[in-house]
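Below is one structure, written out as C-alpha cells; the observations come after it.
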Amino acid sequence: MNDRVPVLTIDGPGGAGKGTISCLVAERLGWHLLDSGALYRLTAQAAINHDVAVDDEIALARLAEQLDVAFPIEGGRPRTMLEGDDVGQAIRTEDAGERASQVAALPLVRQALLQRQRDFCQAPGLVADGRDMGTVVFPDAPLKIFLTASADERARRRYLQLQEAGVDASLPSLLKEIQARDARDMQRSVAPLKPADDAITLDTTRLSIPEVVDRLTELLTQRGLVSGV
C-alpha cells in the first residue's frame with residue numbers, strides 16, 4: 001500500500017449498503033473504487049465460464065491470479081467487467097452470492113486476490129468495500145468503517161432490490177440466506193467478518209443513503225484526508 005494515498009475501508013455484512021455507499025463516496029471525492037466482494041463473485045463466475053469446480057481450491061486460485069476485471073464508474077453507477085463483458089447483473093443473484101461466499105472461504109483464493117486488491121490503491125485515494133478491507137487488505141488505512149444493519153432490514157432491502165429488477169423473491173428465504181451467510185463469514189478460519197480494532201461501527205438500519213455518505217465525508221474531513229467537500 002502506498003502510504004501517501006488515503007484509503008477509506010468500508011467493511012460489513014451483505015445488505016448493509018456498502019456497495020451503494022462506497023460508490024457514492026468515491027464519486028463525490030473523485031477517488032478510485034474497489035468492490036472486493038465482486039472479486040470473489042467474479043472468481044466464482046470465471047469458474048463457471050471455464051468449467052472449474054467451486055471446491056477446486058488450486059484451480060480457483062489460478063483463475064483468481066489471472067482474473068481480467070475492471071470497475072469503471074459510468075453515469076454514477078459502477079460497472080463490473082469480466083474478460084470484457086459486463087456481468088454486473090449476473091453476479092448479483094443470490095446463487096452467485098452463495099458461490100462467492102464459498103469461494104471466499106478458500107485460503108489459496110484469498111491469497112491470490114490479496115495483491116490484486118492492494119493494487120487498486122492509487123492516487124488521489126481509494127474507497128475499498130468488502131468484509132476484510134480494514135482487518136487484512138489495508139490494515140494501515142487511516143479511516144476504517146464497519147457498516148451494518150439488522151438482518152431483517154438487510155433482507156428487506158434485498159427484497160426490494162429484486163422486486164425493482166423484476167425478480168421474484170421470498171422475504172423469509174432471503175432472511176435465512178443472509179443469516180446463514182453471516183454465520184459462515186463470521187466463523188470462517190481465514191479473515192472472518194469482524195470490525196477492525198480501530199474501526200468505527202455505523203448502523204444504517206434507520207439511516208438514509210445521503211445521511212451515511214455525508215457522515216463518512218465528515219469523518220474523512222475531520223481526519224484531514226480530504227478538504228471540505
Side-chain angles (χ1 to χ4, degrees), residues 1-14 16 18-19 22 32-71 78 80-84 87-88 90-92 95-122 125-147 180-199:
M1 175 177 149
N2 186 337
D3 292 336
R4 294 172 295 179
V5 177
V7 177
L8 165 63
T9 63
I10 303 180
D11 290 314
K18 301 188 306 296
S22 297
H32 297 283
L33 174 66
L34 167 59
D35 181 352
S36 69
L39 291 181
Y40 294 99
R41 289 173 181 262
L42 287 164
T43 300
Q45 183 62 45
I48 293 174
N49 294 350
H50 298 280
D51 296 320
V52 174
V54 74
D55 59 351
D56 188 339
E57 186 171 0
I58 293 176
L60 284 170
R62 192 175 300 119
L63 268 182
E65 290 174 352
Q66 302 170 358
L67 212 56
D68 176 12
V69 299
F71 303 109
T80 306
M81 309 299 293
L82 173 63
E83 299 172 353
V87 295
I91 67 168
R92 294 301 174 184
D95 285 345
E98 196 67 23
R99 289 194 299 270
S101 185
Q102 295 175 44
V103 167
L106 302 175
L108 291 181
V109 174
R110 301 194 72 86
Q111 186 59 40
L113 289 175
L114 182 58
Q115 187 57 48
R116 177 67 64 84
Q117 293 173 91
R118 289 175 174 166
D119 288 342
F120 278 83
C121 183
Q122 299 177 17
L126 175 67
V127 179
D129 154 21
R131 284 174 168 77
D132 64 350
M133 296 296 96
T135 54
V136 175
V137 183
F138 299 107
D140 298 323
L143 180 58
K144 303 173 185 177
I145 301 296
F146 191 82
L147 210 63
R181 193 176 306 165
D182 285 351
R184 181 167 57 249
D185 288 345
M186 289 186 290
Q187 294 168 10
R188 67 190 180 209
S189 60
V190 178
L193 172 65
K194 65 177 182 178
D197 292 339
D198 54 348

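Numbers here are sequence positions counted from 1.
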| said: Quick check on Q111: does its CD atom have over 12 non-hydrogen neighbours (other residues, nucleotides or ligands) under 6.0 Å away? | reply: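 Result for CD/Q111: open.
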| Are more than 12 heavy atoms from other residues, nucleotides or ligands located less than 6.0 Å from atom CD1 of I48? | yes
Mind listing the closest non-hydrogen atom pair of [X] and [Y] along with its distance?
{"X": "R99", "Y": "A44", "answer": "CB-CB, 4.0 Å"}
{"X": "S101", "Y": "R181", "answer": "OG-CG, 3.8 Å"}
{"X": "V5", "Y": "G125", "answer": "CG1-CA, 3.7 Å"}
{"X": "A46", "Y": "L82", "answer": "N-CD2, 4.1 Å"}
{"X": "L126", "Y": "F120", "answer": "CD1-O, 3.6 Å"}
{"X": "A112", "Y": "E65", "answer": "CB-CG, 3.6 Å"}

Measure the spacing between [atom1] of [X] and [atom2] of [Y] and express it to the nearest 0.5 Å.
{"X": "L63", "Y": "Q45", "atom1": "CG", "atom2": "CD", "value": "11.5 Å"}
{"X": "S36", "Y": "D132", "atom1": "OG", "atom2": "CG", "value": "6.5 Å"}
{"X": "D51", "Y": "D56", "atom1": "CG", "atom2": "CG", "value": "12.0 Å"}
{"X": "T135", "Y": "R131", "atom1": "OG1", "atom2": "CZ", "value": "12.0 Å"}
{"X": "L33", "Y": "I10", "atom1": "CG", "atom2": "CD1", "value": "9.0 Å"}
{"X": "T80", "Y": "L42", "atom1": "OG1", "atom2": "CG", "value": "6.5 Å"}

For residues [X] and [Y], determine if any side-chain heavy atom of one lies less than 4.5 Å from a side-chain heavy atom of the other.
{"X": "M133", "Y": "L34", "result": "yes"}
{"X": "L60", "Y": "L108", "result": "no"}
{"X": "P13", "Y": "L193", "result": "yes"}
{"X": "R62", "Y": "V52", "result": "no"}

Backbone N/O of [Y] and side chain of [X]: donor-acceptor pair under 3.5 Å:
{"X": "R118", "Y": "V137", "result": "yes"}
{"X": "K18", "Y": "L147", "result": "no"}
{"X": "R41", "Y": "I91", "result": "yes"}
{"X": "R110", "Y": "A105", "result": "no"}

| query | Should D35 and S22 be marked as a side chain to side chain contact (heavy atoms under 4.5 Å, CB included) after you check the CA-CA gap, both sets of side-chain angles, and the distance that decides it? | reply | CA-CA 8 Å; D35 181 352; S22 297; over 6 Å; no
| said: E83 vs H50, test: side chain to side chain donor-acceptor pair (under 3.5 Å). Steps then yes/no. | reply: CA-CA 12 Å; E83 299 172 353; H50 298 280; 2.9 Å; yes
| task | Identify which one of D197, T9, D198, D11 satisfies the side-chain hydrogen bond (donor to acceptor under 3.5 Å, both in side chains) criterion when paired with K144. | result | D198
